[in-house]
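As structure tokens, the structure follows; a few thoughts come after it.
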Number of protein chains: 2
Amino acid sequence: MDTAVAAGNDGSDFPQADSSAMAGAAAWPKHSEARERLLQTASDLFYREGIHSVGIDRIIAEARVTRATLYRHFPGKEQLVAAYLLGEDTALRDSIAAAVASIPPDKILDAILEGIADDIGRHHTRGCPFINAAAEFPDPTSEVRRIVDEHRRWFRSSLEQALESAGHSSPKAGAASLVLLRDAALVGGYLDGVEATRAAFIRTAKTVLAAD
Amino acid sequence: MDTAVAAGNDGSDFPQADSSAMAGAAAWPKHSEARERLLQTASDLFYREGIHSVGIDRIIAEARVTRATLYRHFPGKEQLVAAYLLGEDTALRDSIAAAVASIPPDKILDAILEGIADDIGRHHTRGCPFINAAAEFPDPTSEVRRIVDEHRRWFRSSLEQALESAGHSSPKAGAASLVLLRDAALVGGYLDGVEATRAAFIRTAKTVLAAD
DNA sequence: TCCAAGATAGACAGATCGTTCTATCTTGTC
DNA sequence: GACAAGATAGAACGATCTGTCTATCTTGGA
């Protein structure tokens, strides 16, 4: 697998996304270079190879940090996994916020759909990080699952808002359908091929939007 | 989790499925009771808890077989995983074949959709075994992924055939959309709740079918 | 220069992992 | 009864797992 398509905290690409959000990110507390290298490496490995398949030894070797550095910044592996997922969540939230800030309400849905279609070919080529993590963490009370659930709640409600501001007649039902299709696009892009999935996703989503 | 909903080789329930197929199954070569107990236990654990999270020790302890028995029947863990997936595949194929044999062509699609909607609440409550396995096995050349791919090819083509025999105008496009929605139903049933997902799935699928 | 924060290089511990193997027992068939 | 197939009860192996810890070095700011 080509490292150029590795997932990390580089977010999804949405058409016409404004890069001014990146300037805002510079105001965040700055973590050490080693910590960032660690988290980036772990995130890549977790997304590309799965979470339980990748051990601490592998992560620190590839990140070129020591064990002590890892445990200094993260109390345990599960917290490292949580940080990976929160990174993915933040990146997508930033992308959606940027798109909403720069695209008129009547165009935002198309932009989101295009963004999803683009994402499955450019970044999330190994499925959805949240769905994949949920496959490996069956315990609904775990922190991983809490993050997954919160992410999905946010995404659904973002779609509802977009549908509402676009004047859609049933934003809740429309969002429910689009969440289904988003999930399916990520799974299908990984397992059935990007091009065919992209076409089916767009066509089906348009059908759904046109039906209301 | 209630063991009554644990996945295994008991297939999906499809409405009006004919139980005469169960009689046919009795003609198959009979495996030993220990082997069947082992495979059933492993399948339950793999589905409920994930594949890499469940070790050989756990499986043999819960199946009440020994290590030697396990390795006598399966050359390695990966072959046990393959057998689990093939069991899931066979069960679904049997269910679809039974439905096709007993339900008229103009009703088969509704039956399949109802079957999927029923399945996510009764059996596959922890997502799709194939999607979950693919999350844990990123190597496209592995046997696990070969089985997943073959399963998905079969399912897609079954939908195409059903759409064609029901007189649908574009069976390929329709099947592509329904595959998306089937994937999404299994993911959504696990992560977002069965009732809401079921309703959205049926409604969206009906929209898709009515659009052509 | 001093000091704190954070990095490095490991060693260590107990547990688990998947696989291989030996010895013995059990069961069904001839 | 003899025998083969398949079961049992482990032991052993080398590797890996996650987390804990010590000693020392490095860097930036006061």
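Remember, it's a predicted structure, so these values are computed and weren't measured experimentally. Residue numbering restarts at 1 for every chain, and letters A, B, ... go by the order of the sequence lines.
- Salt-bridge annotation for A:Arg156 and A:Glu160: absent, with no side-chain N of the basic residue lying under 4.0 Å from a carboxylate O of the acidic one.
- For the pair B:Asp118 and B:Arg122, the salt-bridge criterion is met [side-chain N within less than 4.0 Å of a carboxylate O].
- The distance from the CZ atom of B:Phe137 to the CD1 atom of B:Ile51 is 4.5 Å, given to the nearest 0.5 Å.
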Reading nucleotides 5-20 of chain C from the 5' end, what letters show protein touch, with B for base, S for backbone sugar-phosphate only, - for no heavy atom under 4.0 Å? SSSBBBB-----SBBB

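- Following rounding to the nearest Å, A:Phe74 (CZ) and D:dT20 (P) show an atom-to-atom distance of 15 Å.
- Checked by atom type, the side-chain pair B:Glu136/B:Asn132 shows no donor-acceptor distance below 3.5 Å.
- A salt bridge links B:Glu62 with B:Arg58: the distance from a Lys NZ or Arg NE/NH1/NH2 to an Asp or Glu carboxylate oxygen falls below 4.0 Å.
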